[in-house]
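The sequence lines fix the lettering, A, B, ..., with proteins before strands; numbering per chain opens at 1.
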Amino acid sequence: MSALQQYGILFALTLGSIGFVLSLYALARAIGRNRAEPGKDVPATAGSLSRDPVWVRYHARFGGYALLFLAFDMEMAFMYPWSVVYRQEGLVALLDMGVFLAILFLGLLYGWSQGALRRQ
Amino acid sequence: MSTLILVLFLLLGTYFVAVIEEWSVTGRLRPAGPVRAALRLLGTESVLARKPDRLFFEVAPVLLLVAAILSLAIIPLAPGLIVTDLATGALFFNAALAYVLVALIMGGWGPDGAYAMIGGWRFLGQLIGYAMLVVMPITAVAMRSESLSTVVIVQSQEQLWNILYQPLGFVLFALAGMAMAFVPPFDLPTGAGDLAGGVEAEYTGVRRLVFRLGRMVLILSVASAMTVFYLGGWLGPVLPGWAWSAIKILVVTALMLAAGRALPRVREASFLAWCWKLGIPLALVNIFLVGVLVLVVPL
Amino acid sequence: MSPELLVALVIGAGLFGTGVYGALSQTNLVMIMMGIELILAAALVNLVAFWRYLHPDVAAGQMFVLIVMTVMAVEMAVGFGVAIARFRSRGSVEMEEARELKG
Amino acid sequence: MTAQVFFLAAFGLAAVWFGIVVFRTHSMVRSALALLFSQTAIGAMFLVMQAEFLGVLQIMMMATEMSIMAIFMVMFMMDPGGLGEMDMKHQRKLSLAAGVIAFLAAIGVSVFADWGPAATVVPSADEQLRMLGIELLGRSMLIFESAGLTILTAMIAATAVAVQMPAKKEDAS
Amino acid sequence: MFGARQSTPVALFAPLRRLVAGAMARDLRALVVPGADVALAAGLDLAAAGLALAEGPRQANVLLVILPLPAAMLKAASVAYAQMPRPRAVLVLGEGEITPLPEADATGAASQEGLEKAVATLRRAFAEGAFATEVSDFDAPALQTRIEYTCPMHPEVVSDEPGNCPKCGMNLVEAGGDGGHEHHHAAAQYTCPMHPEVVSDEPGNCPKCGMNLVEAEGDGGHEHHHAAAQYTCPMHPEVVSDEPGNCPKCGMNLVEAGGDGGDGHHDHAHHQHHGQDGEDAQVGWLERIEPGFMSMIELTEGTPRSSDGLQMEWIDVPFGPLFPGLPGGLTLDLTLDGDTVAGVQVGSAVAEDWALPDGGLDPDTFVAALGVQMRLSPVSYRLLACRALQAAAGITPLPDEDMLHDGALARERLAERLLWLAQMGRQLGLPRIESRAAGLSRAIREAAPSEIDALRGPLSGLVESLRKTPFLARRLRGIGRLDDQGVWSGPGGAGSDAATRLTARLDGVMADLAELKRAGGISTPQTPDVTGVGGHGHATVETARGPAHLHLELSAGRIVSASLDTPSNRHLPLVETVTCQAELADALVAVASLDLSPWEVRA
């Protein structure tokens with residue numbers, strides 16, 4: 001089965017699941033109707049009514065981790081092709097990736113020492 | 001014929017995962033529980049928040065279910081029994097499950113509710129912790145099997161399963177897999193006690209049914225990935241291949257959810273700290289060890 | 001000139017045009033970075049199109065794509081580092097205020 | 001032949017449309033996730049062009065990176081929910097002109113240049129992966145290590161600029 | 001059934017509806033008002049009766065109300081009921097006032113049999129009445145909050161109609177006042193911004209110009225808006241004139257006072273082109289301001305800096321009376337900076353004001369009232385009242401009688417600690433610990449002395465398994481640390497954190513077991529007869545949450561004045577020190593570790 005046919009199957013699988021979900025929605029709509037009542041559409045906050053919009057500038061405390069993760073994430077892209085040919089290439093591959101990972105680990109250590117790896 | 005078995009596996013697998021998940025929460029094994037819950041949700045009203053981001057609110061459950069089903073597409077149950085045997089199967093598993101995060105951010109941001117939004121962004125923090133710990137153990141597995149295709153990975157474990165070949169990798173992948181499927185003790189986005197349902201809180205009726213289905217298929221897919229990468233997929237002495245796969249997947253799911261019953265929910269700050277300060281160094285050590293082992297041992 | 005190569009290059013050009021429009025028209029640093037991401041994505045599309053339709057046997061083409069992906073990731077990391085620092089000092093990352101970035 | 005062209009054009013137009021939505025929508029999270037789906041459509045284009053490893057990598061990497069961009073956008077931009085329907089643009093005519101000129105220039109280059117014969121035989125996905133691995137360790141080892149150094153400098157630069165040393169003792173991790 | 005769901009007229013799906021109704025009847029999820037801990041204290045085993053605990057109103061289809069409840073709690077119950085998706089039902093246990101809620105679908109006594117009978121009737125109600133063709137809406141005063149419009153970036157700008165924020169020209173967004181402060185007004189009326197004389201009761205399009213009708217203030221509100229057709233400038237609201245023209249200050253053409261030019265936040269995409277003329281005026285107005293008008297600097301200038309130097313926006317999030325992780329009835333309004341707590345307001349929705357009627361109260365009703373009010377620990381407070389009465393009347397209790405009372409007190413303390421363990425298990429996500437602790441707490445509360453010896457084994461087993469739960473001590477260490485000279489009088493002493501308080505309470509369980517063995521028997525304290533006696537009396541009882549003091553003044557057999565000092569009332573201000581600048585999950589665990597009983601809080 002050629003690669004393109006496999007992608008076709010995956011695409012069909014996606015459309016199939018979306019179709020399944022839409023048929024489930026249609027079945028539910030056929031069973032009963034929704035009624036808009038006062039207070040029902042306010043997001044539930046444990047028994048008290050708070051209508052204020054919460055779409056504010058959310059302060060995420062993992063800023064230090066996120067920056068390091070953005071750069072560190074790329075290491076994965078280089079490691080997959082390397083891992084596939086590793087056994088065949090032998091020692092030079094190990095040393096090669098060893099240098100690469102050591103460099104990245106150096107960056108991680110620097111971040112750690114500068115206090116990036118904590119809740120800002 | 002094989003597509004029939006695969007669909008059957010998906011439905012039965014989701015059913016059994018739902019039964020075990022309900023046991024992990026209530027402590028009682030009720031076979032009719034999931035069917036009743038599904039019918040109840042089908043018949044309940046599906047309430048829409050007053051000022052939602054309607055696109056996000058509708059797409060989130062569907063995206064979660066589609067991502068989970070796609071990640072199951074590369075799981076081999078038996079030598080010929082697989083939906084699509086991609087050459088980069090292991091990578092595709094991780095790519096499909098990256099969209100669980102997108103679905104939870106959408107589900108969190110959509111209904112404009114405080115609990116949902118905090119749950120959504122918390123899961124992004126959790127991803128920053130576990131993402132590297134899913135990828136590096138898979139690289140170590142690929143080093144041994146010299147290919148990313150899941151069928152070749154299982155065949156490479158003919159003599160020795162990966163759980164014995166690289167136990168450190170198994171432990172890291174298991175913990176990161178549980179965090180990826182936000183199974184308790186890593187259920188930060190939908191924490192029952194401290195966010196009253198978090199991202200799941202605002203979904204009712206049929207949308208909640210699709211969201212819960214997505215979660216069950218997600219747990220099933222993480223459990224089958226652990227089986228394929230570390231427990232030798234369909235390899236087993238007496239029983240046919242698909243039987244071994246099914247048994248291993250159910251045992252792994254039961255162990256994963258039992259751990260949730262016994263451990264308190266993890267704190268996001270300490271989860272991130274442990275992942276980055278201990279997890280990633282251990283993953284690098286695991287890659288180095290497997291590197292040496294692959295060269296030395298002809299297995 | 002196979003039709004697929006043409007389609008891919010036209011799509012790359014479209015993305016490039018959107019990226020340039022976006023990068024120049026937005027007032028916020030983060031939105032400008034999104035414009036740059038789109039420009040780099042256009043470069044990715046062109047690179048893969050050239051690799052696939054002109055020299056599929058040369059692996060250097062795919063290597064180049066990996067490097068451009070690294071550039072995208074690195075640019076985002078440093079960009080957000082600058083954005084955090086600027087927001088901490090000035091309270092906003094709007095480009096209008098950047099004019100007073102003296103000293 | 002035509003199926004590939006159709007899917008290529010379909011995913012391409014989806015990518016461009018999401019690219020346009022990125023700058024048209026008022027809600028910042030919608031804009032970030034529009035860019036995410038634009039990158040996913042580009043990843044799907046790579047799959048249609050039978051570059052499987054690159055396509056799957058693009059789909060995976062961009063999902064996590066663009067979500068981090070989404071949280072940074074929510075942190076740094078006014079009214080991230082887009083409720084006030086603010087308009088965050090300036091020098092609109094100039095940028096539109098620049099965009100159109102860039103588009104036409106790229107179209108001109110791609111149409112009028114002579115690209116030579118189109119290749120038909122493409123190595124299978126597994127071979128591509130192996131070729132890339134060997135390329136990584138052979139001819140492009142220097143590029144590979146310099147990419148590592150670039151990532152290192154990025155980590156150091158980002159941490160040095162953005163992270164403040166904790167004033168009090170680091171709390172228990 | 002009042003809460004039935006409206007079924008579609010399609011008869012084809014009737015069998016499917018019956019199947020679904022049958023499934024609902026057997027899969028009941030209850031949201032307990034005032035809280036799961038009160039149900040546990042009343043000795044109800046929800047799981048045995050077939051009810052699963054729901055985390056919030058959205059996941060529940062049964063509202064289990066345990067009466068009597070104060071008005072504030074019933075208001076929160078009506079809000080929760082309104083947010084439950086249909087089909088939904090109300091199950092009432094005990095007697096009392098239930099006004100804002102609809103009439104109950106099943107009622108029963110506040111006991112396990114009453115609950116099981118009520119659940120049986122509820123199953124039948126669901127099986128038959130889950131779907132109905134015509135259904136009436138549920139409306140309650142708490143839901144009628146007035147819709148205010150504020151600017152997302154300048155929250156201090158509040159106006160009654162949609163329009164543009166005078167400071168930055170952005171569309172104002174709906175931010176209704178929350179249930180807290182009362183905003184009663186006639187049912188929401190809809191008028192057309194351009195033609196205020198067009199008034200209708202439901203949203204739709206204005207017959208004259210087809211524009212979307214917007215929510216407007218009912219007849220009560222502001223008179224001047226509807227008196228004459230007022231014209232004002234969008235940028236200078238103080239400039240008001242009676243006929244259209246240009247604003248003296250900025251030369252903008254004046255627009256109807258009813259709706260500003262941009263027609264406010266109802267600008268759906270389709271409406272955008274319609275309001276084009278309004279838009280141009282608005283856009284022109286934006287351009288004339290120097291281009292940096294939208295700069296965030298003046299937006300973030302005033303806001304305080306968080307711990308990492310960034311100035312972010314804060315949101316007020318209520319973790320209201322029915323939060324699954326906190327004691328039922330405790331209202332905790334957190335001001336969150338991201339997921340860190342920047343400010344906290346804590347109160348109790350079930351607090352009562354214990355002012356005695358001026359004519360004094362006879363001892364029996366006083367002791368009974370105190371027993372009913374302190375829902376979680378009735379025996380302790382009944383004993384406190386009896387001892388205070390004896391001290392006031394100068395009666396010295398018989399030593400062995402007192403010993404039996406101490407046995408009853410120790411038994412209730414044991415049940416209280418196990419109830420807290422069950423709630424902490426639920427908060428931390430330990431379902432096994434939660435179910436074991438809840439079962440033991442229920443068994444201990446009514447156990448006769450002989451049964452208690454039988455329960456000694458599982459109790460010490462639970463305590464051991466808690467001490468050995470992996471990562472539990474690490475999870476709680478450093479959370480909710482109290483400062484050394486604080487007012488904390490509960491287990492764990494001053495300067496304790498959640499982990500030391502947990503171990504202190506586990507030691508308390510073993511100590512109470514020993515106390516029970518020493519006391520030998522158990523008898524519930526009776527009110528001593530103090531007819532015709534006068535005097536002052538003071539008593540102290542060591543409850544599970546700390547010492548409670550009661551000071552009584554008797555005159556002629558009637559209680560004239562009483563001052564009650566309960567541990568939870570003393571510990572309430574500690575919530576501030578425990579949660580400031582803490583991560584949200586840690587803050588909630590810290591509040592739960594203080595073991596506050598909202599019933600003991602003075603109104």
Report task. Take B:E268 and A:F62 through the test side chain to side chain contact (heavy atoms under 4.5 Å, CB included) and record every step on the way to the result. Result -> CA-CA 10 Å; B:E268 191 201 356; A:F62 41 78; 3.6 Å; yes
Query raised in the report: Which atoms of A:R61 come close to chain B, meaning under 4.5 Å heavy atom to heavy atom: side chain ones, backbone ones, both, or neither?
Result: neither
Query raised in the report: B:E202 versus chain A, heavy atoms under 4.5 Å apart: side chain, backbone, both or neither?
Result: side chain
Requested in this report: Answer with side chain, backbone, both or neither: which region of A:A44 has an atom nearer than 4.5 Å to a non-hydrogen atom of chain B?
Outcome: both
Requested in this report: Apply side chain to side chain contact (heavy atoms under 4.5 Å, CB included) to the pair A:L117 and B:K277, showing each step before the final yes or no.
Outcome: CA-CA 8 Å; A:L117 297 185; B:K277 294 179 181 172; 3.7 Å; yes
Query - Portion of B:V210 that has a non-hydrogen atom of chain A nearer than 4.5 angstrom - result: side chain
Query - Side-chain donor/acceptor of A:Q6 to backbone N/O of B:D85, under 3.5 Å - result: yes
**Report entry** Part of A:Y65 within contact of chain B (heavy atom distance under 4.5 Å)
**Finding:** both
Query raised in the report: Stepwise, does the salt bridge (Lys or Arg N to Asp or Glu O under 4.0 Å) test hold for B:E45 with A:K40?
Result: CA-CA 11 Å; B:E45 256 183 349; A:K40 177 185 271 187; 2.5 Å; yes
Report task. With a 4.5 angstrom heavy-atom cut-off, could you sort out which part of B:A196 is near chain A: side chain, backbone, both or neither? Result -> neither
Query raised in the report: Which region of A:L108, side chain (C-beta onward) or backbone (N, CA, C, O), has a non-hydrogen atom less than 4.5 Å from a non-hydrogen atom of chain B, or is it both or neither?
Result: side chain
**Report entry** Distance-minimising heavy-atom pair for A:I31 and B:G43
**Finding:** CG2-CA, 4.5 Å
Report summary line: Between A:L94 and B:G291, the two heavy atoms sitting closest are CD1-CA, 4.3 Å
Report task. Show your working on side chain to side chain contact (heavy atoms under 4.5 Å, CB included) between A:I18 and B:L65 and close with a plain yes or no. Result -> CA-CA 9 Å; A:I18 294 173; B:L65 185 62; over 6 Å; no
**Report entry** Closest contact, heavy atoms only, A:P53 versus B:R50
**Finding:** N-NH2, 3.9 Å
**Report entry** Verdict with supporting geometry, B:L70 and A:L10, side chain to side chain contact (heavy atoms under 4.5 Å, CB included)
**Finding:** CA-CA 7 Å; B:L70 279 184; A:L10 287 177; 4.0 Å; yes
Report summary line: So, the part of B:I118 with a heavy atom under 4.5 Å from chain A: the answer is both
Query raised in the report: Side chains of A:W112 and B:W276: does their closest heavy-atom pair fall under 4.5 Å?
Result: no
**Report entry** A:L27, part contacting chain B, at a heavy-atom distance under 4.5 Å
**Finding:** side chain
Query raised in the report: Can you check whether B:L213 reaches A:F20 side chain to side chain, under 4.5 Å on heavy atoms?
Result: yes
